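This report concerns only the one structure given below.
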There are 2 protein chains.
Amino acid sequence: MSDRPFHHGNLRAALLDEAMSVVRESGVDALSLRELARRVGVSHAAPRSHFADRQALLDDLAEAGFRRLTSEVRRAVDGRHDVRERFLRVAHAYVDFAIDDAALMDLMFQTGAASRPDAVSDAARDLFDTLDSAMGPRVAGTDEGARDTFKMLFAASMQGIAALVAAHRLARADGDRLVGDAMEMMLGSDLAARTVNAR
Amino acid sequence: MSDRPFHHGNLRAALLDEAMSVVRESGVDALSLRELARRVGVSHAAPRSHFADRQALLDDLAEAGFRRLTSEVRRAVDGRHDVRERFLRVAHAYVDFAIDDAALMDLMFQTGAASRPDAVSDAARDLFDTLDSAMGPRVAGTDEGARDTFKMLFAASMQGIAALVAAHRLARADGDRLVGDAMEMMLGSDLAARTVNAR
DNA sequence: ACCTGAACACCGTTCAAGT
DNA sequence: ACCTGAACACCGTTCAAGT
């Protein structure tokens, strides 16, 4: 039925799929466009029709990562109303993602990338907006700056715990426990009382 | 005076020096052994006499990074006795290092490196031991587990804040402010009362 | 519009050979 | 002991050409 290559029309998606699993299994450094093309069964120059260069493909992976993490965070709070439970579930979702997809996380939060494509920035903004929603409704007269501080402190803690686990400076079980400790500390703070409905 | 190459005897150090500045200015990906050799004025195969492979050189850079950060932390607490002041100074030293040498930090806390050379692990252990000392003397009957939790939470927060700044998700000034907020939150916690002499 | 094949300028790594 | 030069097997990227 097909004397035409089966990738007709979806080579782009096939390359992204393959790239995602290479990154997951072997890290970003192991990702080669030529090997990707080989795996998918096209010539080494074929990817160029869909991605301007290697970095463009990496940017697409980063965007997909942000979108997936965003939906994980949404799923974590879905239907939950207790503030502590919401925070704990979001924290674990965030850290689990960052550990299981550590290489992808590196791609998403790349050091030194002065500016990134709009698609990536937009996906990143969506994530932080979703984190804000996950913090629950604002109390009357909430200080937006303080709430932002709380949000970034939350993100930084989770990012940091995940980084230490991914770098094997912390066992995974210790990381899990640390997430709980961090949440307890954060929710017990004055800042939480002023920004989050921690009752 | 020198018909012999001027690197006689210290090519190794010259390569490490050059490598460190390339990493600092252009990131790890931009580091090529062949270009390093060119810059230093030796043949492309010469580095092989001093480093088994590219990763071995990267490991040496990571070790040097841990040692430098350790001494920065020591300098930060040197002669200071007030607990809050000590913590704040260490936190800023840590975050400043992690931002200014973000690429080196990536090398030090490499994701997915299951095991690293002893020299790197030892240097990393020295850093965390120094962080522990920086937390000040133990109160009588200190819960060591809780103190460890506090230390790792401290490290994770700083690591996370630095990561967000390095990834340009946070302006540097906001990161600086966040360090202060994180310290206030941490030192005001129950955990701090039980583990650190926060008076 | 999408893909191929040849070409170019790079890599890391190996190894026999030089001093 | 330390370094060189040639060689090998890879890269990313470009571009004319095919369909």
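The sequence lines fix the lettering, A, B, ..., with proteins before strands; numbering per chain opens at 1. Since the model is a prediction, treat every value here as computed from it, not as a measurement.
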Q. With distance as the sole criterion, is a donor-acceptor pair present between the side chains of Thr111(B) and Asp106(A) under 3.5 Å?
A. yes
Q.
Under 3.5 Å for both donor-acceptor distances, Watson-Crick or wobble: does dA1(D) have a partner, and if so which one?
A. dT19(C)
Q: Between dC15(C), dC2(C), dT13(C), spot the one nearest the side chain of Asp53(B), thanks.
A: dT13(C)
Q | Any side-chain donor near an acceptor of the partner, Tyr94(B) and Gln159(B), under 3.5 Å | A | yes
Q) Counting any heavy atom closer than 4.0 Å, what does Ser49(A) reach on the DNA or RNA strands: base, sugar-phosphate only, or nothing? A) base
Q) Does Phe150(B) have its ring centroid less than 6.0 Å away from the ring centroid of Phe87(B)? A) yes
Q) Counting just side-chain N and O atoms, does Ser32(B) come under 4.0 Å of either OP1 or OP2 of dC10(C)? A) no
**Q.** Minimum-distance nucleotide to His44(A) side chain [options: dG5(C), dT14(C), dC11(C)]
**A.** dG5(C)
(Q) Is it the case that the ring center of Phe66(B) lies less than 6.0 angstrom away from the ring center of Phe128(B)? (A) no
**Q.** Per Ser43(A) side chain, nearest of listed nucleotides dT14(D), dC3(C), dT4(D)
**A.** dC3(C)
Q.
When both hydrogen-bonding distances must be under 3.5 Å and the geometry is Watson-Crick or G-U wobble, what is dC11(C) paired with, if anything?
A. none
(Q) For dG12(D) and Arg34(A) - does any side-chain N or O of the residue sit under 4.0 Å from the phosphate oxygens OP1/OP2? (A) no
**Q.** Interatomic distance, Arg54(A) CZ vs dA9(C) P [rounded to whole Å]
**A.** 22 Å
(Q) Can you identify which nucleotide, out of dT13(C), dC2(D), dT4(C), has its nearest atom closest to the His50(B) side chain? (A) dC2(D)
